[in-house]
Amino acid sequence: MATEIGRIGVIGAGQMGSGIAHVCALAGLDVSFNDIDQNRIAAAIERIDHNIKRQVGKGAVTDADRAAALARIHPVSSYADLADCDLVIEAATEDEQIKRKIFSELCPTLKPETMVATNTSSISITRLAASTDRPERFIGIHFMNPVPVMQLVELIRGIATEDETFDSARALIDRLGKTVAVSEDFPAFMVNRILLPMINEAIYTLYEGVGSVDAIDTAMKLGANHPMGPLQLADFIGLDTCLSIMQVLYEGLADSKYRPCPLLVKYVEAGWLGRKTQRGFYDYRGAEPVPTR
Ligand SMILES: NC(=O)c1ccc[n+]([C@@H]2O[C@H](COP(=O)([O-])OP(=O)(O)OC[C@H]3O[C@@H](n4cnc5c(N)ncnc54)[C@H](O)[C@@H]3O)[C@@H](O)[C@H]2O)c1
């Protein structure tokens, strides 16, 4: 039997956390919104307001819906403030140590029946569940970026996930008007298992001098009918997230075909993480993105 979710906690106010808060608040859920950095929460709420205004402009929602949704989002500075949530979704940085630390500090503050989910793109759900006190009430709910636009959500059970947790998560996704694809708990699940090696190969294509940034993206947009080029998409996802996913694939599947391209490593080491830092395979600081190679 599914548990009805009324109040949801979101940890991490980056691109994904803000998208999750956005769709949950518009669907009528109360959202307690946390980040290690309070400025990120304020910036995320501004971004959510801006994005819902765009939906109002398109006639998809009313201005009253926008105001009501924003009023449902409550910034919280400590995990103790998440105590009354029915579900907490972790959407912090793609780093296993960071996520494990969050769960070990979060769980003691929660009601025993509260479900915990992670939005990880690649890390084992069973392993993350084992760092909590409630593996049976733990699940992977993997939203796609940008959350308000993308239809798919991957649902991933850990070895101990109970049916009730799975059914409750599925009911939540239905309520958000999105479509579920169920994945087994393998590194990077389905979408990123297929997508990230393609992006990594595009970066190798650039690294080996086969083509420029512009040529590679044009080739895949016009030659494979992709809506975005792979390097543009890498910048959109975040190059740190892309590298973490490739490392999880490489280590988790122990196959050299997943070796992260050294050029991807170099961009991340430079702090050129894509759109979120204004520089990656493109430079976003001017009016138009300019290729950096
Ligand atoms: N970017 C994508 O396209 C995408 C798509 C699907 C899933 N994801 C996953 O979603 C998660 C978040 O990715 P993102 O793109 O939003 O990253 P991001 O870099 O935009 O945001 C991460 C946020 O986590 C916060 N954070 C870091 N440590 C924290 C802590 N201890 N407590 C609370 N907050 C903390 C950071 O301050 C930051 O605001 C990752 O697990 C990522 O793999 C990303």
Side-chain angles (χ1 to χ4, degrees), residues 9-23 32-48 51 75-82 88-107 109 116-125 127-128 131 139-156 173 178 181 183 187-196 199 228 230-249 252 268 271-278 280:
V10 177
I11 298 179
Q15 7 183 27
M16 295 308 292
S18 46
I20 295 166
H22 171 148
V23 296
S32 299
F33 201 14
N34 170 268
D35 196 286
I36 200 164
D37 176 349
Q38 296 305 298
N39 296 328
R40 303 285 304 238
I41 307 179
I45 292 176
E46 255 182 54
R47 200 161 54 238
I48 293 169
N51 288 340
V76 300
S77 56
S78 92
Y79 296 145
D81 298 323
L82 301 174
V88 176
I89 303 182
E90 171 278 314
T93 310
E94 185 73 348
D95 176 311
E96 186 164 341
Q97 293 320 314
I98 290 178
K99 292 184 188 295
R100 294 177 82 92
K101 187 161 182 284
I102 289 173
F103 295 133
S104 67
E105 290 170 5
L106 167 73
C107 287
T109 71
V116 178
T118 175
N119 187 52
T120 180
S121 299
S122 60
I123 302 167
S124 161
I125 303 304
R127 214 164 53 231
L128 289 176
S131 70
I139 191 162
I141 305 182
H142 182 219
F143 289 89
M144 307 290 134
N145 186 21
V147 181
V149 175
M150 300 297 277
Q151 185 62 33
L152 187 80
V153 179
E154 288 182 318
L155 264 190
I156 310 107
I173 312 303
K178 299 198 180 288
S183 171
F189 320 123
M190 298 183 299
V191 172
N192 286 328
R193 168 85 179 259
I194 299 166
L195 189 62
L196 262 294
I199 289 176
M228 288 172 106
L231 301 171
Q232 201 185 359
L233 180 58
D235 276 358
F236 188 70
I237 293 170
L239 302 188
D240 52 340
T241 302
C242 290
L243 178 59
S244 294
I245 297 170
M246 286 312 298
Q247 281 163 338
V248 168
L249 281 168
V268 172
W272 292 16
L273 307 182
R275 293 183 85 105
K276 63 184 167 188
T277 58
Q278 303 239 292

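We count ligands from 1, going down the list as the structure has it; atoms in each ligand are counted the same way. What's counted below: heavy atoms across the whole structure, side chains too, no hydrogens, waters or symmetry copies.
When all heavy atoms are compared, the tightest approach of Thr241 to Lys276 is OG1-NZ, 4.0 Å. For Ile11 against Tyr79, the heavy-atom pair with the smallest separation is CD1-CE2, 3.7 Å. The shortest non-hydrogen separation linking Pro148 to Gly19 is CD-CA, 4.2 Å.
The closest donor-acceptor contact from the side chain of Asn34 to the backbone of Val76 lies under 3.5 Å. In terms of modelled atom types and a separation under 3.5 Å, the side chain of Asn119 and the main chain of Gly17 share no donor-acceptor contact.
The closest protein non-hydrogen atom to atom 34 (N) of ligand 1 is Ile36 N, 3.3 Å. Counting protein heavy atoms only, atom 7 (C) of ligand 1 is closest to Ser121 OG, 3.2 Å. Protein heavy atom nearest atom 32 (N) of ligand 1, with residue, atom name and distance: Tyr79 OH, 3.5 Å. At the shortest separation from atom 5 (C) of ligand 1 among protein heavy atoms lies Met16 SD, 3.5 Å. Nearest protein heavy-atom neighbour of atom 30 (C) of ligand 1: Ile102 CD1, 3.5 Å. The protein heavy atom nearest to atom 6 (C) of ligand 1 is Phe143 O, 3.1 Å. For atom 37 (O) of ligand 1, the closest non-hydrogen atom of the protein is Asp35 OD1, 2.7 Å. In terms of protein heavy-atom proximity, atom 21 (O) of ligand 1 is closest to Gly14 CA, 3.2 Å.
Counting only N and O atoms by type, the side chains of Glu94 and Ser122 include a donor and acceptor under 3.5 Å apart.
At a heavy-atom distance under 4.0 Å, atoms from both the backbone and the side chain of Asn119 approach ligand 1.
Any N or O atom pair closer than 3.5 Å counts here, and Glu90 shares no such pair with ligand 1. Considering both main-chain and side-chain atoms, Ala92 comes within under 3.5 Å of ligand 1 through a nitrogen or oxygen pair. Backbone and side-chain nitrogen or oxygen atoms of Asp37 are examined, and none is located within less than 3.5 angstrom of a nitrogen or oxygen of ligand 1. Note: no N/O pair closer than 3.5 Å links Thr241 and ligand 1 by distance alone.
Listed by atom number, the atoms of ligand 1 under 4.0 Å from Lys99 heavy atoms are 40 (C), 41 (O). Remark: ligand 1 atoms within the under-4.0 Å shell around heavy atoms of His142 are 6 (C), 7 (C). Remark: ligand 1 atoms within the under-4.0 Å shell around heavy atoms of Ala91 are 11 (C), 12 (C). Listed by number with element, the atoms of ligand 1 under 4.0 Å from a non-hydrogen atom of Thr120 are 41 (O). Atoms of ligand 1 lying under 4.0 Å from at least one heavy atom of Thr93, given by number and element, are 22 (C), 24 (O), 26 (N), 27 (C). Near Ile237, meaning under 4.0 Å from one of its heavy atoms, ligand 1 places the atoms 1 (N), 2 (C), 3 (O). Using a 4.0 Å cut-off to heavy atoms of Ile11, the atoms of ligand 1 that qualify are 33 (C).
Between Lys101 atom NZ and Asp95 atom CG the span is 11.5 Å, to the nearest 0.5 Å.
Among Gln97, Lys276, Met144, Glu94, the residue whose heavy atom lies closest to atom 17 (O) of ligand 1 is Lys276.
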